[in-house]
Amino acid sequence: MSSNAKAPSLSERAKGNIAAPTPPYLNGLNEEQADAVLTTDGPVLVLAGAGTGKTRVLTTRIGHILATGKARPNEILAVTFTNKATREMKNRIGAMIGGMVEGMPWLGTFHSIGVKILRRHAEMVDLKSNFTILDGDDSLRLMKQLIKAENIDEKRWPPRRLATIIDGWKNRGLTPEKVPSNERGIFADGRGLSLYAAYQKRLKELNAVDFGDLLLEMNKLLADNPDILKEYHRRFKYILVDEYQDTNVAQYMWLRLIAQGTGNICCVGDDDQAIYGWRGAEVDNILRFEKDFPGAKTIRLERNYRSTGHILAAASGLISHNEDRLGKTLHTEDGLGDQVTLKGVWDDAEEARSIGDEIEALQTKQHPLNEIAILVRASFQMRAFEDRFVTLGLPYRVIGGPRFYERLEIKDACAYFDVVLNPANDLKFERIINTPKRGLANATLEVLHHHARSRGISLFESAMEIVDTEELRPKPRGSLRALIERFGHWRSLVENTPHTELAEQILDDSGYTQMWQKDKSPQAQTRLENLKELIRYMGEFENLAGFMEHVSLVMDADANNDGDRVNLMTLHAAKGLEFDTVFLPGWEEGLFPHQRSLDEEGKSGLEEERRLGYVGITRAKKKSHISFTQNRRIHGSWVTQPPSRFIDELPEKNIEVIEQMGNFGGYATSRFENMPQNYERTPKGNANAGKNYNRKSASNFTKTIDAKVIAKKTVTTDYEVGERIFHQKFGYGAITNINGDTLDIDFEKASPKKVKASFVERH
DNA sequence: TTGTTACTATTTTTT
DNA sequence: ATAGTAACAA
């Protein structure tokens with residue numbers, strides 16, 4: 001520019017060198033991305049389509065703020081939606097900045113950040129700072145108790161439903177007083193609201209919060225205490241929000257409160273990927289952004305770096321059928337690549353077989369399995385694939401399946417730890433008071449409850465009192481006393497015993513470990529291993545309390561998942577991930593779009609389903625395979641359903657239809673194995689037909705859901721038909737049939753039964 | 001009090 | 001088909 005006119009001075013020339021070089025972290029960003037990174041101040045909304053480098057922008061932005069010294073790591077609030085996303089961010093920032101990540105204490109999910117803040121000011125919202133966090137299970141149990149106490153028929157008014165209703169209210173930021181009058185009549189003839197109030201009261205008594213409260217109480221805290229709010233305004237110089245389209249009203253209110261400080265808030269999201277409406281997410285938040293944050297700058301990222309042309313076009317074509325969207329036009333500079341394939345098959349087994357074959361073919365072509373994903377609408381669809389992969393010996397992992405900490409044994413163990421740390425935790429105490437069996441069942445519990453309620457004390461305290469009275473019969477009384485004493489003992493060890501050691505001792509002492517050791521069921525072994533894993537994982541934390549904090553919110557240790565494996569997950573779990581090859585099975589009316597979303601949400605439900613399809617297709621970098629079945633088993637009976645309406649919404653030129661022999665895909669090849677099933681579809685014949693079929697195709701592997709166990713010890717039974725065996729309970733008998741580890745046995749002194757192989761001995 | 005059996009309702013997605 | 005619950009027997 002002007003410096004060309006006259007010769008620059010030495011200092012100017014040298015200065016040029018300072019100003020000019022772009023920081024290395026900006027390299028490779030396109031114009032919009034760079035804009036999103038560099039516009040640090042004021043409200044910014046980044047509309048980032050699928051595969052446009054959203055996470056990269058977010059992390060680079062943080063890196064930029066840190067590198068330029070605009071804020072220190074602990075002055076940045078970065079909120080994500082899932083733990084997975086948090087981890088990913090930490091890793092990426094770590095790679096960019098190097099190590100500093102631990103210094104970013106305010107990078108986390110809404111919930112984990114909520115806990116952190118609430119612990120500091122617990123007393124302001126009527127809690128003690130060691131409050132416990134209830135998971136869905138706990139809160140459901142609590143609601144059940146309340147419903148029972150009100151003498152409401154559990155059958156007619158299932159606790160589940162109440163849980164959903166209350167959760168919905170909480171998601172919308174509604175405390176009991178704020179629930180609009182037209183919704184008060186809901187549940188059990190208008191008692192829903194009072195149950196909600198009772199539930200909240202009970203939570204306070206228990207010094208506990210549920211997930212929803214983490215947001216709700218948070219808002220109460222900040223709204224009612226301007227000085228505290230100011231403190232956080234000062235603290236957070238920059239706010240970043242990931243997956244903004246998934247925020248619900250409560251989260252939105254919270255963000256708005258906090259952002260009133262500096263106003264430096266940057267939200268990244270994609271309205272076309274809003275798939276959590278059922279959970280209270282409000283796409284509206286993204287639409288309202290410019291209104292609520294005046295002077296907001298909106299930046300659109302529309303260049304897709306992930307998928308090839310056909311895939312992107314197919315996805316765009318599909319999503320264009322939605323009416324409620326901000327509208328983005330994604331483009332790619334990659335080639336067209338391959339078309340999206342479309343295939344119809346006979347039933348779900350055939351679908352699994354077909355996809356399994358295809359994956360095997362890919363495998364021989366050196367396609368890494370890690371780069372292959374199967375994305376299903378509902379988790380029950382996974383079973384067919386798991387079955388098939390086990391037979392093929394194809395390694396796979398389930399992402400987002402039952403989480404580690406949701407397993408029975410883990411929850412039981414944690415309940416023990418919880419009660420040791422906090423005897424007033426009634427729900428946990430109740431959970432384990434009779435696990436393992438100690439003769440302390442309903443009757444005893446009833447007495448305890450009664451006493452606790454009348455005296456206004458916790459179950460544990462009332463147990464201590466009752467043990468010294470005549471109220472219980474000697475047997476349970478002794479048993480209860482022993483339990484209490486043991487808890488006292490453990491509690492005395494908390495201070496000076498290494499926590500992993502203590503944990504082990506608790507599990508052994510209580511007889512919990514023994515309970516599983518005695519258990520002969522095939523899962524018992526895995527359970528024990530999980531417990532070991534739990535203790536091992538615990539070692540990574542400083543103390544028991546620190547560990548427990550993580551368990552409730554953050555923990556998902558997936559063991560045994562390394563190596564090259566096919567990924568199996570729901571469409572919801574797939575958001576944010578990408579794979580070379582993606583299979584999208586089950587595109588049928590009723591399943592996808594899901595019937596329920598149509599029934600309950602009408603058009604907006606349908607649009608959300610369509611976005612789910614969009615998310616699915618755009619996960620693929622190179623290949624997308626859509627398939628649908630003609631027949632599917634739902635609620636145990638066979639249903640024939642038409643292909644998904646979404647299929648015909650796909651642009652024809654981007655789709656390659658896979659034709660097969662016969663007039664319906666896959667029929668010719670699958671007929672042989674499926675015929676019997678079809679012929680014997682009478683109500684009672686059905687069960688047997690299914691079994692026969694299974695035996696034929698699946699020879700000697702079990703059909704248990706816990707396929708991971710099987711994968712390890714492939715064949716568990718080496719019994720033979722006709723062999724004579726002994727069973728602890730039923731005595732001697734002969735094997736008439738074998739199905740995996742389930743044996744059909746004709747007992748000499750009892751009626752024929754199906755028995756797990758682990759329960760019998762050779763004779 | 002525990003264990004068994006019979007029955008019923010339930011099947012989306014999750015922090 | 002399955003899980004979870006309620007009713008019943010030992």
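Per chain, numbering begins at 1; letters A, B, ... match sequence-line order. What's counted below: heavy atoms across the whole structure, side chains too, no hydrogens, waters or symmetry copies. Small disclaimer: the values here were computed from a predicted structure and weren't measured.
In this entry the distance linking CZ of A:Arg279 with P of B:dT15 reads 6 Å, nearest Å. To the nearest angstrom, P of C:dA3 lies 8 Å from CZ of A:Arg383. Straight-line distance from the CG atom of A:Leu445 to the P atom of B:dT1: 10 Å, rounded to whole Å. The nearest whole Å value for the distance from the CH2 atom in A:Trp638 to the P atom in B:dT11 is 21 Å. In this structure, A:His594 places its NE2 atom 13 Å from P of B:dT14, rounding to the nearest Å. C:dA1 atom P lies 14 Å from atom CG of A:Asp387, rounded to whole Å. Atom CG in A:Leu612 sits roughly 11 Å away from atom P in B:dT13 (whole-Å rounding). Atom pair A:Asn248:CG and B:dT15:C1' shows a separation of 10 Å (rounding to whole Å applied).
Here A:Ser112 does not reach the OP1 or OP2 of B:dT15: none of its side-chain N or O atoms lies under 4.0 Å away. Within the 4.0 Å cut-off from OP1 or OP2 of B:dT2, not a single side-chain nitrogen or oxygen of A:Asn442 is found.
Checked for salt-bridge contact, A:Glu282 and A:Arg172 miss the test: no charged N lies under 4.0 Å from a carboxylate O.
Nearest approach of A:Arg438 to A:Ser479, heavy atoms of both residues: O-OG, 2.8 Å.
At least one side-chain heavy atom of A:Glu430 sits less than 4.5 Å from a side-chain heavy atom of A:His449.
In this structure, A:Tyr252 and A:Tyr244 have tilted ring planes: the angle between them lies in the 30° to 60° band.
Of the candidates B:dT15, B:dT11, C:dT2, the closest approach to any side-chain atom of A:Arg596 belongs to B:dT11. Here the side chain of A:Thr444 is nearest to one of B:dT15, B:dT1, C:dA1, namely B:dT1. Considering only the side chain of A:Arg160, B:dT11 comes nearest among B:dT1, B:dT15, B:dT11. Proximity note for A:Thr82 (side chain, C-beta onward) versus C:dT2, B:dT2, B:dT15: the nearest is B:dT15.
In this structure, A:Phe110 reaches neither bases nor backbone, as no heavy-atom distance under 4.0 Å exists between it and the strands shown. Among the atoms of the strands shown, only primed sugar atoms or phosphate atoms (P, OP1, OP2) are found under 4.0 Å from some heavy atom of A:Asn434. Using a 4.0 Å heavy-atom cutoff across all strands shown, A:Lys437 reaches sugar-phosphate atoms only and no base atom.
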Show the distances under 3.5 angstrom between N or O atoms of the protein and N or O atoms of nucleotides 4-8 of chain C.
| from | atom 1 | to | atom 2 | distance (Å) |
| --- | --- | --- | --- | --- |
| C:dT5 | OP1 | A:Lys144 | NZ | 2.9 |

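Annotation: cation-pi geometry satisfied between A:Arg279 and A:Tyr276 (NZ/CZ under 6.0 angstrom from ring centroid, within 45° of ring axis). Remark: A:Arg610 is not positioned above the aromatic ring of A:Phe646, lacking an NZ or CZ atom under 6.0 angstrom from the ring centre and at most 45 degrees off the axis.
Atom NZ of A:Lys428 is separated from atom SG of A:Cys414 by 7.5 Å, given to the nearest 0.5 angstrom.
Around NZ of A:Lys437, the count of heavy atoms belonging to other residues, nucleotides or ligands within 6.0 Å does not exceed 12.
By the 5.5 angstrom centroid cut-off and the 30-degree plane limit, A:Trp278 is classified as stacked against the base of B:dT13.
Heavy-atom nearest nucleotides on DNA chain B were determined for A:Ala573 and for A:Ile634, and the one closer to the 5' end corresponds to A:Ile634. Across the interface with DNA chain B, nearest-nucleotide mapping of A:Gln251 and A:Ser597 shows A:Ser597 to be the residue nearer the 5′ end.
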